[in-house]
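Report on the following structure.
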2 protein chains.
Amino acid sequence: MGRNKELNELMKDERKQQIFSSALKLFATRGLASTKIADIAQDAGFSQGLVYHYFKSKDDIFIQLIKMAFTQLNSAAKQLEHFDLPHLQKLKIAYESMMDGLVHHEDAALTHLLIATSSASESIPDEARLIIDEQYFFPYEVIRRIIEAGQTDGSIVSKNSRDLALLFWSTIRGLSIYRATHHDTFVVPEVESFLAMFRNKE
Amino acid sequence: MGRNKELNELMKDERKQQIFSSALKLFATRGLASTKIADIAQDAGFSQGLVYHYFKSKDDIFIQLIKMAFTQLNSAAKQLEHFDLPHLQKLKIAYESMMDGLVHHEDAALTHLLIATSSASESIPDEARLIIDEQYFFPYEVIRRIIEAGQTDGSIVSKNSRDLALLFWSTIRGLSIYRATHHDTFVVPEVESFLAMFRNKE
DNA sequence: ATTATTGTTGAATAAATATTCAATCAATAA
DNA sequence: TTATTGATTGAATATTTATTCAACAATAAT
């Protein structure tokens, strides 16, 4: 018979991981259409044909990456909500940990970028669009709930919570995009400046 | 001889305008690579071949649009700087007029989106990249100077002005992107929430 | 009306790129 | 060893799409 099955699976996963890693980088920085299968293969360090041994198509890779990106983001959001912290502190932690990701974890930065640019694109596979439509608002809702809780105890300013959640994520997304092209000069803005939008000052 | 020259020029400009308009919409929402010449022609309402009567190539259209987008944005920034208003008010006006653009002027919204997504892309023509690299920071510098002036007179908080300018534009860009995909549900967040990042509260 | 000029089309053509595939290779269980 | 299985390659092939082009149309000066 052939080779050991479990080891095989491991190697297969490793290969897939390599492909995901290269594809994430390229899709996030160049977009789906501009990224060639040849680019992914080259970046991952093997032949074009092999990509098709592991994935059905370019779209397939993209769709799976989108799934993974939202899974990560949304599970982080879910975790955040259940932390035992004052509400304003949760916003602070969220900002700080995402900024830390942007600066220190290339993959996290690329994941944010992929979400920001893919969500805004009208030229992604239907299945990717479906996933985005289903999952996009979850982090908004989490932040909104945290804001409303903070408004109840007076720590967060009494403005429309939907607006505030929108400001929260727009700012984060904007910073993610900036960071993508200017990693060299990117410095995280002080969290207190960011929090000023939410803090209740009376 | 042929037809009247000036009229011709006018008609030619009008045609070009049509192409620009369709291309702006498509490039901004789908990206350069996903936008087909056929799409542009169809949207503008004429044949594929005609596009090449007015433009050298797809890249050519894109590059000119990028030029126009930065010209608009940067001249608006320049104007803003010379308004005779308190410094914090300038930030307020900037936010309000850009938000007004997002909501009421499709082209303004698309221009912001084009800038946000193209700037972040590593797969645009060299000439477009050049223009972006030359012009990208101008609005940041304008806002930064306004912030520093406001810090001098005490109306704006004394944090690093570069950070604050980054927050300013990141938030605007984030909102632009959100608006692009969710025009139906987009509501402009109150300017006071936005301004809280900059206002000196003592 | 005629003619010169530019506008316009849609069908080639040329390039680029996704996908398939036949052949070879590497590992290992027998 | 050797037979079997899956991995890997690189060269087809198929598809998509940018670009060119030959033909026809419309316009307006003569």
Side-chain angles (χ1 to χ4, degrees), chain A residues 1-23 26-27 29-65 121-128, chain B residues 1-23 26-27 29-65 121-128:
Chain A
M1 270 198 249
R3 66 175 61 169
N4 177 289
K5 283 294 161 58
E6 290 100 70
L7 181 58
N8 253 340
E9 282 305 307
L10 281 185
M11 288 176 59
K12 201 162 175 174
D13 278 0
E14 223 172 272
R15 284 302 210 190
K16 282 185 128 176
Q17 215 37 60
Q18 278 181 83
I19 295 176
F20 278 137
S21 167
S22 296
L26 293 164
F27 287 152
T29 57
R30 313 177 58 84
L32 173 60
S34 300
T35 299
K36 312 309 172 197
I37 288 288
D39 299 337
I40 297 175
Q42 178 167 61
D43 190 272
F46 41 66
S47 77
Q48 207 161 329
L50 193 54
V51 174
Y52 288 89
H53 187 70
Y54 294 102
F55 294 93
K56 193 156 48 57
S57 66
K58 192 168 83 161
D59 280 7
D60 180 32
I61 304 173
F62 183 82
I63 291 164
Q64 294 198 45
L65 274 174
S121 172
E122 291 183 6
S123 62
I124 59 177
D126 288 346
E127 199 180 333
Chain B
M1 269 199 250
R3 65 176 61 168
N4 177 288
K5 282 293 160 62
E6 291 99 68
L7 181 57
N8 252 340
E9 283 304 308
L10 281 186
M11 288 177 59
K12 200 161 174 174
D13 278 359
E14 223 172 272
R15 284 302 211 187
K16 282 185 127 178
Q17 216 38 60
Q18 278 181 82
I19 295 177
F20 277 136
S21 167
S22 297
L26 293 164
F27 286 152
T29 57
R30 311 177 59 83
L32 173 59
S34 301
T35 299
K36 313 308 170 199
I37 289 289
D39 299 337
I40 297 174
Q42 177 167 61
D43 190 272
F46 42 63
S47 76
Q48 206 161 329
L50 193 55
V51 174
Y52 287 89
H53 187 70
Y54 294 104
F55 295 93
K56 193 156 46 60
S57 65
K58 192 169 83 161
D59 281 6
D60 181 33
I61 304 174
F62 183 81
I63 291 164
Q64 293 198 46
L65 275 174
S121 171
E122 291 184 6
S123 63
I124 59 177
D126 289 345
E127 199 180 334

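Note on naming: letters A, B, ... go to the chains in the order of the sequence lines (proteins, then strands), and numbering restarts at 1 for each one. Computed over heavy atoms, backbone and side chain alike; hydrogens, waters and symmetry mates excluded.
Between the side chain of B:K16 and the backbone N or O of B:F55, no donor-acceptor pair lies under 3.5 Å. Side-chain atoms of B:T35 come within 3.5 Å of backbone atoms of B:L26 as a donor-acceptor pair (strictly under, hydrogens ignored).
Under the 4.5 Å side-chain criterion, counting only non-hydrogen atoms from C-beta, A:P125 is in contact with A:L32. The closest side-chain heavy-atom distance from A:D60 to A:Y52 is not below 4.5 Å.
Note on A:T35: only backbone sugar-phosphate atoms sit closer than 4.0 angstrom, heavy atoms only; bases stay farther off. As judged by a 4.0 angstrom heavy-atom cut-off over every strand, A:F55 is placed among residues making no nucleic acid contact.
No side-chain donor-acceptor contact under 3.5 Å links B:D13 and B:Q17.
Between the C1' atom of C:dA18 and the NZ atom of A:K56 lies a distance of 14 Å, rounded to the nearest Å. Taking atom CD on A:Q42 and atom P on D:dT8, their separation rounds to 18 Å, with Å as the unit. Taking atom CG of A:D60 as the reference point, atom P of C:dA18 lies 14 Å away to the nearest angstrom. Here C:dA16 presents its P atom at 12 Å from CG of B:D59, a figure rounded to the nearest Å. Whole-Å rounding puts the A:Y54 OH to C:dT19 P distance at 18 Å. Separating the CZ atom of A:F46 from the P atom of C:dT24 is a distance of 23 Å, rounded to the nearest angstrom. As rounded to whole Å, 11 Å separates atom P of D:dT8 from atom CD of A:E14.
When the nucleotides D:dA18, C:dT19, C:dT8 are ranked by their closest atom to the side chain of A:S57, C:dT19 comes out on top. Closest to the side chain of A:K36, out of C:dT17, D:dT9, D:dT17, is C:dT17. Taking the side chain of A:Y52 as heavy atoms from C-beta on, and the options C:dG7, D:dT19, C:dT20, the nearest nucleotide is C:dT20. Of the candidate nucleotides C:dT19, C:dG7, D:dT19, D:dT19 has the atom nearest to the side chain of B:K58. With distances taken from any side-chain atom of A:H53 to the nucleotides D:dT9, C:dT8, D:dA7, the minimum falls on D:dA7. Candidate nucleotides C:dT19, C:dT8, D:dT8 were compared by shortest atom distance to the side chain of A:I37, and C:dT19 ranks first.
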Between the protein and nucleotides 10-14 of chain C, are there any N/O to N/O pairs under 3.5 Å, and if so, what are the atom names and distances?
none

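For the atom pair CG (A:D43) and OG (A:S21), the distance works out to 7.0 Å, reported to the nearest 0.5 Å. B:I37 CD1 to B:S57 OG: the interatomic distance, rounded to the nearest 0.5 Å, is 7.5 Å.
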